[in-house]
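All residue numbers refer to positions in the sequence shown, counting from 1.
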Amino acid sequence: MEGGVPEADMSAFRECLSLSWKNPYVLRLAFSAGIGGLLFGYDTGVISGALLYIRDDFKAVDNKTWLQEAIVSMAIAGAIIGAGVGGWINDRFGRKVAIIIADTLFLAGSVIMAAAKNPAILLVGRVFVGLGVGMASMASPLYISETSPTRVRGALVSLNSFLITGGQFLSYLINLAFTKVPGTWRWMLGVAAAPALIQIVLMLSLPESPRWLYRKGKEEEGKEILKKIYSPEDVDGEIQALKESVDIEVKDSESSEKISIIKLLKTTSVRRGLYAGVGLQIFQQFVGINTVMYYSPSIVQLAGFASNRTALLLSLITSGLNAFGSILSIYFIDKTGRKKLALISLIGVVVSLALLTVAFRESETHSPVVSSIETLHFNNTCPEFKAALNPGGWDCMKCLKSSPSCGFCAAASDKLLPGACLISDDTTKDMCGNDHRSWYTRGCPSKYGWAALIGLSLYIIFFSPGMGTVPWVINSEIYPLRYRGVCGGIASTAVWVSNLIVSQSFLSLTEAIGTAWTFMMFGIVAVVAIFFVIIFVPETKGVPMEEVEKMLEQRSVQFKFWKNRNSDSEKY
């Protein structure tokens, strides 16, 4: 799933680099735990390319859109369960144990997927991987946060997010590397077992989080770890601060009443915070980001690029832009402000989706016509075309939509010239290729394909630094401390559920209403999101936590996003 980069300024990153010679032990802890983020990102990206080859091996997957969606979304369903169970495991058994369990599930899932003999076993493997991803998405950043010096905590937690986008980029490179290897998708999915195994070995040699040890009464163990993390002049103060913080936390948990949904909604600042935080997370998914990350090669094929390898190569661009955007967000999140950055991002997303809508609509309405002469050149005409009353009115798009068992063989000299509508099977595909023609089963040859690629790239460029990051930052700042855990859990659940809905429905939507109108739907959602951000989301840049709570209590609508909130807060 698409993630965000926690807040961290550039000075913290410079100090992070100095740790490489001042205290490499801290970087060892962070990088070891950060492999969980790499696995998270790798799984998000690898399935998009592997799906192209899974369709080739399993005809049931190729012919059933819902099965393709299930292969993608079963991991997300597993992640929802993993995130929920992971919270309990983190508190009961520790962050280190949670990471090792997550790796074990990921390792098992990778092996099951690589050895899958049918789609059912593949789905089981996807569930195992999803459980691991869900647990790691909570445990890894938590472990890094609790084993990092205060001054560089934000930057080191950001490392986890960099590794998520880095994992996505790596997955596309590995997908490309295995396109010519026998077993293609099995290697793509199975290779993730290696970093999972490496992390298990590394984590076995590392300590538990000092904060968790203090919570469990193991103070001496916690002190020994803190002495390795902090310099001698800082360690005593940090030990005392941690002890006081844990004591207050334990005292609050023992004395406070049970938090209920009704109590949350009755508390004005929490209710308004949930409107903004959960709303942003839902809009983040429903403007379509994870359809791009999960189905990027498929979208490229829908734009008219037939080759699996070409689709993967072009998809590598979107993954690289996503990683670059996550770096840009670190600079802009504090310089521009959360609300302005979200609005700029959404406006760019609307423009990009409009371009995608036009490009795909033009591709759909101007696809090459089907020639009866060209079709008769082969001996396996598509049955629907053969039975058509008006075959002269058929074009490539009508051929592909007539039946999943039909494909389009483009003209050899110019792909835009009339081609053949044939039965879609390996024999026909080989015959078409042997005649130096391109074979299409997802999209049609189009002179507007490059416009679709530009729209896809612009979408990532605008989304990643803004809506890719802002929802996560807002959710880390907007809730009162005593409710932060439960509200953060609600927001995380909203992300996973929204992600599941979008990824499970995208291909079905493109099949039912067309790719163009599907992107237009995302564009309409993005327009609604702009008004939502203007009205309901406060600007939290530079505002102390307690001031955010006061601001939410006194203002339910946040129209004047361009004003400096710090100066406004003096009026309260």
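- E539 places a side-chain N or O within donor-acceptor distance of the main-chain N or O of R338, the cut-off being under 3.5 Å.
- One distance of note links CG of D103 with CG of L39; it measures 6.0 Å at 0.5 Å rounding.
- Neither side chain, Q285 nor S498, offers a donor N or O lying under 3.5 Å from an acceptor on the other.
- Interatomic distance, Y172 OH to T318 OG1, rounded to the nearest 0.5 Å: 5.0 Å.
- Annotation: the span from L176 atom CG to S171 atom OG amounts to 10.0 Å, rounded to 0.5 Å.
- Under the 30°/60° scheme for interplanar angles, the aromatic rings of F522 and F506 are found to lie parallel.
- Taken from CG in N175 to CD1 in I47, the straight-line distance is 9.0 Å, to the nearest 0.5 Å.
- Here NZ of K218 is found 4.5 Å from CH2 of W212. Values are rounded to the nearest 0.5 Å.
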Evaluate the criterion side-chain hydrogen bond (donor to acceptor under 3.5 Å, both in side chains) for residue pair S205 and R28; output intermediate values, then yes/no. CA-CA 11 Å; S205 66; R28 181 186 164 198; 3.2 Å; yes
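- Remark: the S464 side chain and the N322 side chain contain an N/O donor-acceptor pair separated by less than 3.5 Å.
- Judged by distance alone, with hydrogens and angles left aside, the side-chain atoms of S319 form no donor-acceptor pair with the main-chain N or O of L316 at under 3.5 Å.
- The distance from atom CD1 of I99 to atom CD1 of I35, rounded to the nearest 0.5 Å, is 10.0 Å.
- Using a distance-only test at 3.5 Å, with no hydrogens or angles considered, no donor-acceptor pair links the side chain of S73 to the main chain of Q504.
- Other residues, nucleotides and ligands place no more than 12 heavy atoms under 6.0 Å from the CZ atom of F128.
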